[in-house]
Amino acid sequence: MAEALIKFTDVSFSYSADSPQEFEALTGINLEIEAGEFVAVLGHNGSGKSTLAKHINALLVPTAGNVVVAGIDTRDFDRVWEIRQNVGMVFQNPDNQLVATTVEEDVAFGPENLGIPTPEIHRRVDEALELVGMNEFRLRSPHQLSGGQKQRVAIAGMIAMRPRCIVLDEPTAMLDPVGRQEVMDTVLKLNRQEGITIVLITHAMEEAILADRIVVMEEGRVVLTGVPRAVFSQVETLTQLRLDVPQVTALANRLRQRGYDQIPNNILTIEEMVNVLCQLE
Ligand code: ADP
Ligand code: MG
């Protein structure tokens, strides 16, 4: 089998280099993410999600163990830009990510830094803005945009670098429901249509169910991984980890507790719930 696009082997990380044993933000992480996969990362605040994300594009390197991305060890300092070109990062706050005076200049910023010839940059900017549905806003100033639009421009800026993977660290946390939907539609399109590998850190269970696989973190460790349906059927474990299940999954569980045991314990969507309820006597 081909090597995974992202591979963590026994990765530990401590922010305090002087006393690494004192507090580890990551402990013994083993994780492989295949090219084209969509992985959601869940976990309570402080469980190490952002620290994990920053290891994928070499913003941080392990204290012990190693991370290999597209065949490159992230400690290989000479190839750090190659890694960053392969892995785009999108963060929570849309206002901190846009730097230029117009949308199109912003999207061009990454490829310009890669030294790509101007006609090619134009092509990439057109393509990226089209993909995130922001073409008509190309001459606007980023601060005239809504939160969801800003995040889509930030994503376009990454796409213009032609990465194989995009890591999004709670990209919808500061957005209203419309903005969240816009960003999630874009993320799904990048994955399903363009084949881009997605690592999505999120608190929203309704977003996590869209992933191929869920990774749950707690105190710097990966404590649970599996397809969404398998993960969310473990309601008690998730509750211990201080995580929710999707609302409709919680409802199904309460109905089961009331004796409706025809209702399966792994319902994920409203559609599925409707189908099950309509078949009850
Ligand atoms: P999450 O994203 O899941 O909320 P983080 O990866 O941000 O978790 O944090 C994991 C742990 O590392 C937390 O205990 C946090 O306080 C600590 N931490 C995060 N960033 C730093 C930092 N820059 N310096 C020291 N400790 C940090
Ligand atoms: Mg975080």
Side-chain angles (χ1 to χ4, degrees), residues 5-6 33 35-40 53 56-59 69-70 80-175 178-202 207 210-211:
L5 181 63
I6 298 163
I33 296 174
E37 224 185 336
F38 173 3
V39 173
I56 301 177
N57 79 338
L59 276 175
V69 175
V80 94
W81 290 108
E82 220 176 312
I83 293 174
R84 301 232 170 116
Q85 194 184 333
N86 271 300
V87 181
M89 290 274 272
V90 176
F91 296 96
Q92 186 177 101
N93 189 339
D95 292 317
N96 293 346
Q97 301 181 76
L98 306 181
V99 289
T101 51
T102 67
V103 164
E104 65 177 12
E105 284 170 29
D106 216 289
V107 177
F109 189 78
E112 273 166 5
N113 278 344
L114 294 176
I116 288 163
T118 310
E120 170 68 12
I121 293 179
H122 286 312
R123 256 197 308 277
R124 289 192 183 195
V125 169
D126 288 349
E127 244 177 52
L129 285 174
E130 191 63 46
L131 205 55
V132 303
M134 286 297 289
N135 225 334
E136 59 186 296
F137 297 90
R138 59 189 305 147
L139 297 177
R140 294 277 186 93
S141 159
H143 66 249
Q144 291 174 301
L145 306 177
S146 71
Q149 291 170 334
K150 284 177 188 165
Q151 286 299 54
R152 280 149 66 202
V153 173
I155 292 171
M158 296 298 136
I159 295 299
M161 313 244 271
R162 299 266 163 87
R164 297 178 67 188
C165 173
I166 297 188
V167 179
L168 305 103
D169 191 350
E170 304 195 32
T172 62
M174 300 178 72
L175 307 183
V178 173
R180 276 183 218 156
Q181 189 66 50
E182 290 173 3
V183 169
M184 285 311 298
D185 288 347
T186 305
V187 166
L188 277 176
K189 188 172 172 193
L190 295 180
N191 180 249
R192 308 257 159 93
Q193 179 184 311
E194 305 297 314
I196 295 174
T197 308
I198 299 289
V199 180
L200 173 72
I201 297 173
T202 182
E207 294 175 5
L210 301 170

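Along the sequence shown, residues are numbered consecutively beginning with 1. Only this structure's heavy atoms are used, side chains among them; waters, hydrogens and symmetry mates stay out.
- Side chains of Ile159 and Ile166 form a contact here, defined as non-hydrogen atoms less than 4.5 Å apart.
- With rounding to the nearest 0.5 angstrom, the CD atom of Gln193 is 11.0 Å from the OG1 atom of Thr186.
- In plain terms, the two heavy atoms of Met89 and Asn57 that are nearest each other are CG-ND2, 3.1 Å.
- Taking every heavy atom of both residues into account, Met161 and Pro111 meet most closely at SD-N, 3.9 Å.
- Taking CD of Glu112 as the start and CZ of Arg124 as the end, the distance is 12.0 Å to the nearest 0.5 Å.
- One finds the SG atom of Cys165 at 12.0 Å from the CD1 atom of Ile83 (value rounded to the nearest 0.5 Å).
- Under 3.5 Å, the side chains of Asp185 and Gln181 contain a donor-acceptor pair of N or O atoms.
- Residues Gln151 and Leu168 are not in side-chain contact: their nearest non-hydrogen atoms beyond the backbone lie 4.5 Å or more apart.
- Looking at heavy atoms from C-beta onward, Asn96 lies out of side-chain contact with Phe91 at the 4.5 angstrom threshold.
- Between Arg164 and Ala70 the shortest heavy-atom distance is NH1-CB, 3.8 Å.
- Screening Arg180, Gln92, Glu207, Glu182 for a side-chain hydrogen bond (donor to acceptor under 3.5 Å, both in side chains) with Thr172, the sole residue that qualifies is Glu207.
- Salt-bridge annotation for Glu120 and Arg123: present, with a side-chain N of the basic residue lying under 4.0 Å from a carboxylate O of the acidic one.
- The two residues Pro94 and Gly147 have their closest heavy-atom pair at CB-O, 4.0 Å.
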>> What verdict does the side-chain contact (heavy atoms from CB on, under 4.5 Å) test give for Leu59 and Arg84, after you've listed the backbone C-alpha separation in whole Å, the side-chain angles of each residue and the deciding distance to 0.1 Å?
In response: CA-CA 9 Å; Leu59 276 175; Arg84 301 232 170 116; 4.1 Å; yes
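- Residues Val99 and Pro142 form no side-chain contact, since every pair of their non-hydrogen atoms from C-beta on lies 4.5 Å or further apart.
- Put simply, the side chain of Ser146 gets close to the backbone of Gln149: a donor and an acceptor are under 3.5 Å apart.
- Remark: Ile155 CD1 to Leu129 CG distance equals 12.0 Å, nearest 0.5 Å.
- The main-chain N or O of Gly133 is found under 3.5 Å from a side-chain atom of Arg152 such that the two form a donor-acceptor pair.
- Within the 4.5 Å cutoff, no side-chain heavy atoms of Glu37 are placed close to those of Leu5.
- Minimum interatomic distance between Ala156 and Ala128 (heavy atoms only, all atoms of both residues): O-CB, 3.5 Å.
- For the pair Val187 and Phe38, the minimum side-chain heavy-atom distance is below 4.5 Å.
- Side-chain atoms of Arg138 never come within 3.5 Å of backbone atoms of Val103 as a donor-acceptor pair (strictly under, hydrogens ignored).
- Within the 4.5 Å cutoff, side-chain heavy atoms of Leu131 are placed close to those of Leu190.
- Note: Trp81 CH2 to Asn86 CG = 13.5 Å, rounded to the nearest 0.5 Å.
- With hydrogens and angles disregarded, a donor-acceptor distance shorter than 3.5 Å links the side chain of Asn191 to the backbone of Ile196.
- Summarising the geometry, atom CG belonging to Leu145 is positioned 10.0 Å from atom CG belonging to Asp95; distances are rounded to the nearest 0.5 Å.
- Within the 4.5 Å cutoff, the side chain of Lys150 has no heavy atoms near those of the Gln97 side chain.
- Taking every heavy atom of both residues into account, Asp106 and Ala100 meet most closely at OD2-N, 2.8 Å.
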